[in-house]
Visitor: 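One structure coming up, written as structure tokens, with questions to follow.
Just so you know, residue 1 is the first one in the sequence shown, and it goes up from there.
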Amino acid sequence: MGSHPESENEREIWKAMEVAEGARGDNSSSHVLQSSSLTLDTSLSLPDLTPSLIELCKDLFKKWSRLDDSSFSVETVSGGITNLLLKVSVKEEDGNEVPVTVRLYGPNTDYAIKYLSAAGFGAKLLGVFQNGMVQSFINARTLIPQDMREPKLAAEIAKQLHKFHRVDIPGSKEPQLWNDIFKFYENASTLHFDDIEKRKKYETILFKEVYNEVVEIKELTDLLNAPVVFAHNDLLSGNLMLNDDEEKLYIIDFEYGSYSYRGYDIGNHFNEYAGYDCDYSLYPSKDEQYHFFRHYLQPDKPHEVSDKDLEALYIETNTYMLVSHLFWALWALIQAKMSPIDFDYLGYFFLRYDEFKRQKEKACSLARSYLSGQESR
């Protein structure tokens, strides 16, 4: 979402990560996923949590079970209440140091991630336990916003996203996007700020207008009948990693993943071309979008995609691009009240909402013209 500070911080952390193989212990040759029945208490401080983490690593990976506790060091990489990422470095008997990541989750947040990891997305899944998983480090660099528009990389991102959207996550496939947006609206429109400057800014927001915009765009996007897929929903540069030597691209961080509309995931990704400075003049041109669409729709035969299919996805994506602005704008208002992070979330609301208003007329008239053309055929 561009200026998402958590993602920006994580971007720097991931840069420093090294590859971690060989933590599978005795079962590495048979690729058996290690599992433990242990649960880690996420309410504990890191020092209090460390003994349990060491016990977990020893339980999961038999080759580490005889190591002294002093062979393990633990540090926090990132995380909040529902998603904590820890680095565990293990000094093995031969003096080799192996780093792994331990991800801890709140209720149900790990469900989809296990399926995505099994499908080859993100870091290699090494082991699972009751409320989290252990993964390898990824030996790759995090992309920066300008990387995403490079034609070769854009084609690879499109191919990977095509594959991502085909992963079947068991359970309800009902999109929650509009439920979330209306819930955000409800919460965002009744906030109270003690800080006078924040309160003054907040009171300039015309919430009735915002609500009408949400309803209007929902009605329009409903007419597009966009396919429902398991979407990443936060495909910014910080959530894409590249191993330059192997030319291997990784999609990471599935915290916002859910069933949603195909056009929303792609439109949200295109909004991220603006980068952390939210320079929306960098939004991809029609030619750049068509290049992406060709590789998304037919990864093996991109030049065989029909003009009709390109136009349909162009309309779908650029209408849902508006929804992405509304989603993150309302999200930012709630963060302005709730987040402990020192970031101008109120300012971010206006950045996203103003861009929504700037793009709305063009995108909506294109969509309405396209839909009326469909009806007359």
Visitor: Would you say Ser258 and Asn233 are linked by a side-chain donor-acceptor pair, where the criterion is simply a distance under 3.5 Å?
Guide: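 There is such a pair (donor and acceptor under 3.5 Å, judged by atom type) between the side chains of Asn233 and Ser258.
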Visitor: Please walk me through it: do Val98 and Trp64 pass side chain to side chain contact (heavy atoms under 4.5 Å, CB included)?
Guide: CA-CA 11 Å; Val98 178; Trp64 294 345; 4.2 Å; yes
Visitor: Is there a side-chain contact between Ile54 and Val88 in this structure, where contact means two heavy atoms from C-beta onward sitting under 4.5 Å apart?
Guide: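 No, their side chains stay 4.5 Å or more apart.
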Visitor: Could you tell me whether the side chain of Pro284 reaches within less than 4.5 Å of the side chain of Phe292, counting heavy atoms only?
Guide: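 A side-chain contact under 4.5 Å is absent here.
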Visitor: Does atom OH of Tyr211 have more than 12 heavy-atom neighbours from other groups under 6.0 Å away?
Guide: no
Visitor: Ring centres under 6.0 Å, that's the criterion: do Tyr353 and Trp328 meet it?
Guide: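 No, too far apart.
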Visitor: I need the minimum non-hydrogen distance between Gly275 and Pro145, along with the two atoms involved.
Guide: CA-CG, 3.5 Å
Visitor: Output yes when Asp168 and Lys173 qualify as a salt bridge under the 4.0 Å nitrogen-oxygen rule, no when they do not.
Guide: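 Result for this pair is yes, salt bridge flagged.
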Visitor: Using modelled atom types only, decide if a donor and an acceptor are shared between the side chain of Arg103 and the backbone of Asn131 within a distance under 3.5 Å.
Guide: no
Visitor: How many angstroms lie between atom CZ of Phe193 and atom NZ of Lys198, to the nearest 0.5 angstrom?
Guide: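 Phe193 atom CZ to Lys198 atom NZ measures 6.5 Å (nearest 0.5 Å).
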Visitor: Just say parallel, tilted or perpendicular for the rings of Phe254 and Phe164, cut-offs at 30° and 60°.
Guide: tilted
Visitor: Hydrogens and angles aside, do Asp48 and Ser45 bring a side-chain donor and acceptor to less than 3.5 Å of each other?
Guide: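 Looking only at side-chain atoms, Ser45 and Asp48 do form a donor-acceptor pair, the distance falling under 3.5 Å.
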Visitor: Under 4.0 Å between a Lys/Arg side-chain N and an Asp/Glu carboxylate O for Lys152 and Glu247?
Guide: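 Between Glu247 and Lys152 there is a salt bridge, with a charged N closer than 4.0 Å to a carboxylate O.
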Visitor: Please report the shortest heavy-atom distance between Leu224 and Glu316, naming the atom on each side.
Guide: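 Nearest heavy atoms, Leu224 then Glu316: CD1-CA, 4.1 Å.
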Visitor: Could you check Ser324 against Asn271 for side-chain hydrogen bond (donor to acceptor under 3.5 Å, both in side chains), going step by step and ending with a plain yes or no?
Guide: CA-CA 8 Å; Ser324 160; Asn271 277 337; 3.0 Å; yes
Visitor: Is the ring pair Phe270/Tyr283 parallel, tilted or perpendicular, if the boundaries are 30 and 60 degrees?
Guide: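 Rings of Phe270 and Tyr283: perpendicular, over 60°.
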Visitor: For Asp59 and Gln34, test the side chains for any donor-to-acceptor distance below 3.5 angstrom and give the result as yes or no.
Guide: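 Distance-only check fails for Asp59 and Gln34.
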Visitor: Any side-chain to backbone donor/acceptor pair from Arg199 onto Asp194? Under 3.5 Å, distance only.
Guide: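 It does hold such a pair.
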Visitor: Using every non-hydrogen atom in the two residues, find where Tyr320 and Ala226 come nearest and quote the distance to one decimal.
Guide: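 Looks like CE1-CB, 3.7 Å.
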Visitor: Would Ile217 and Trp178 satisfy side chain to side chain contact (heavy atoms under 4.5 Å, CB included), going step by step from the backbone distance to the final call?
Guide: CA-CA 10 Å; Ile217 299 301; Trp178 290 107; 4.2 Å; yes
Visitor: Would you call Asp195 and Lys201 a salt bridge, using N to O less than 4.0 angstrom?
Guide: no
Visitor: Of all heavy-atom pairs between Ala367 and Ile315, which one has the smallest distance, and what is that distance?
Guide: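 Closest heavy-atom pair between Ala367 and Ile315: CA-CG2, 3.7 Å.
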Visitor: To the closest 0.5 Å, what do you measure between OG (Ser339) and CD1 (Ile334)?
Guide: 12.0 Å
Visitor: Inspect the contact between Lys360 and Glu216 and indicate whether a charged nitrogen and a carboxylate oxygen are less than 4.0 angstrom apart.
Guide: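 A salt bridge links Glu216 with Lys360.
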Visitor: Within this structure, what is the CD-CG distance for the pair Gln130 and Leu104, rounded to the nearest 0.5 Å?
Guide: 12.5 Å
Visitor: What I want to check is whether the side chains of Asn212 and Glu209 have a donor and an acceptor closer together than 3.5 Å.
Guide: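 Their side chains do not contain a donor-acceptor pair, so the 3.5 Å distance test is not met.
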Visitor: Mind checking whether Tyr280 and His325 have ring centres under 6.0 Å apart?
Guide: yes
Visitor: I'd like to know if the side chain of Tyr296 pairs up with that of His165 as donor and acceptor (distance under 3.5 Å, no hydrogens or angles considered).
Guide: yes
Visitor: How about Asp41 and Ser43: does a side-chain donor come under 3.5 Å of a side-chain acceptor?
Guide: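 Looking only at side-chain atoms, Ser43 and Asp41 do form a donor-acceptor pair, the distance falling under 3.5 Å.
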Visitor: Return the minimal non-hydrogen interatomic distance between Leu191 and Leu333, and the atom names on each side.
Guide: CD1-O, 3.3 Å
Visitor: Once rounded to the nearest 0.5 Å, what's the spacing between atom CZ of Phe343 and atom CD of Gln335?
Guide: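 Taking CZ in Phe343 and CD in Gln335, the distance rounds to 10.0 Å.
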Visitor: If you count every heavy atom of other residues, nucleotides or ligands that lies below 6.0 Å from Asp307 atom CG, does the total exceed 12?
Guide: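 Atom CG in Asp307 is not crowded, with 12 or fewer foreign heavy atoms closer than 6.0 Å.
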Visitor: Looking only at heavy atoms, which two atoms of Phe349 and Ala332 are closest? And how far apart?
Guide: N-CB, 4.0 Å
Visitor: Is it the case that Lys91 places NZ or CZ above or below the six-membered ring of Phe72, under 6.0 angstrom from the centre and within 45 degrees of the axis?
Guide: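 Output no; distance or angle outside limits.
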Visitor: Could you tell me the separation between the CZ atom of Arg262 and the CG atom of Leu161, rounded to the nearest 0.5 Å?
Guide: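 Here the rounded value is 10.5 Å.
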Visitor: Under the criterion salt bridge (Lys or Arg N to Asp or Glu O under 4.0 Å), I'd like the reasoning laid out for Glu355 against Arg358: C-alpha separation, chi angles, the key distance, then a yes or no.
Guide: CA-CA 5 Å; Glu355 184 62 16; Arg358 204 175 70 80; 3.0 Å; yes
Visitor: Quick one: are the ring centres of Phe350 and Phe356 less than 6.0 Å apart?
Guide: no
Visitor: Does the side chain of Tyr348 pick up a donor-acceptor pair with the side chain of Arg352 at under 3.5 Å?
Guide: yes
Visitor: Indicate yes or no: at least one non-hydrogen side-chain atom of Tyr202 is less than 4.5 angstrom from one of Lys337.
Guide: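 Not in contact.
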Visitor: Begin with the C-alpha distance, continue with both residues' side-chain angles, and end with the deciding distance and a verdict on side chain to side chain contact (heavy atoms under 4.5 Å, CB included) for Met148 and Ile157.
Guide: CA-CA 8 Å; Met148 299 195 299; Ile157 294 166; 4.3 Å; yes
Visitor: State whether the number of non-hydrogen atoms from other residues, nucleotides or ligands found under 6.0 Å of Glu186 atom CD is greater than 12.
Guide: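 No, the 6.0 Å shell around CD holds no more than 12 heavy atoms from other groups.
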Visitor: Atom CG of residue position Asp94 - does it have more than 12 heavy atoms of other residues, nucleotides or ligands inside 6.0 Å?
Guide: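 More than 12 heavy atoms, drawn from other residues, nucleotides or ligands, come within 6.0 Å of this atom.
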Visitor: For residues Leu282 and Leu235: do they belong to one hydrophobic cluster (side chain heavy atoms under 4.5 Å, members Ile, Leu, Val, Met, Phe, Trp, Tyr)?
Guide: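 In one cluster: no.
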Visitor: Think Lys248 forms a cation-pi with Tyr250, using NZ or CZ under 6.0 Å from the six-ring centre and within 45 degrees of its axis?
Guide: yes
Visitor: Do Tyr314 and Asn318 come close enough that some side-chain heavy atom pair is under 4.5 Å?
Guide: yes
Visitor: So do Leu240 and Ile252 actually touch side chain to side chain, heavy atoms under 4.5 Å?
Guide: no
Visitor: Looking at Lys87 and Val74, would you say the former's side chain and the latter's main chain have a donor-acceptor pair under 3.5 Å?
Guide: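 Side chain of Lys87 to backbone of Val74, a donor-acceptor pair under 3.5 Å: no, none is there.
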Visitor: Between Lys218 and Asp222, does at least one N-O distance fall below 4.0 Å, as a salt bridge requires?
Guide: yes
Visitor: Begin from the C-alpha positions of Asp300 and Lys159 and carry the test salt bridge (Lys or Arg N to Asp or Glu O under 4.0 Å) through to its verdict.
Guide: CA-CA 9 Å; Asp300 300 327; Lys159 287 176 188 175; over 6 Å; no
Visitor: Taking atom types as modelled and ignoring hydrogens, do the side chains of Tyr256 and Asn268 form a donor-acceptor contact shorter than 3.5 angstrom?
Guide: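 Judged by distance alone, the side chains do not pair up.
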Visitor: Indicate yes or no: at least one non-hydrogen side-chain atom of His232 is less than 4.5 angstrom from one of Ile251.
Guide: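 Yes, side chains in contact.
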Visitor: Report yes if the side chains of Val229 and Tyr259 come closer than 4.5 Å at any heavy-atom pair, otherwise no.
Guide: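 Side chain of Val229 against side chain of Tyr259, heavy atoms only: no contact under 4.5 Å found.
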Visitor: Would you give the length of the straight line joining atom CG of Leu60 to atom CD of Glu55, rounded to the nearest 0.5 angstrom?
Guide: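 The CD atom of Glu55 is 10.5 Å from CG of Leu60, to the nearest 0.5 Å.
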Visitor: Before you tell me yes or no, could you show the steps for Val134 and Thr101 under side chain to side chain contact (heavy atoms under 4.5 Å, CB included), namely the whole-Å CA-CA distance, both residues' side-chain angles and the distance that decides it to 0.1 Å?
Guide: CA-CA 6 Å; Val134 180; Thr101 55; over 6 Å; no
Visitor: Taking the side chain as C-beta and beyond, is there a heavy-atom pair between Val100 and Gln135 under 4.5 Å?
Guide: no
Visitor: Could you check whether atom NZ of Lys357 has more than 12 heavy atoms from other residues, nucleotides or ligands sitting under 6.0 Å from it?
Guide: yes
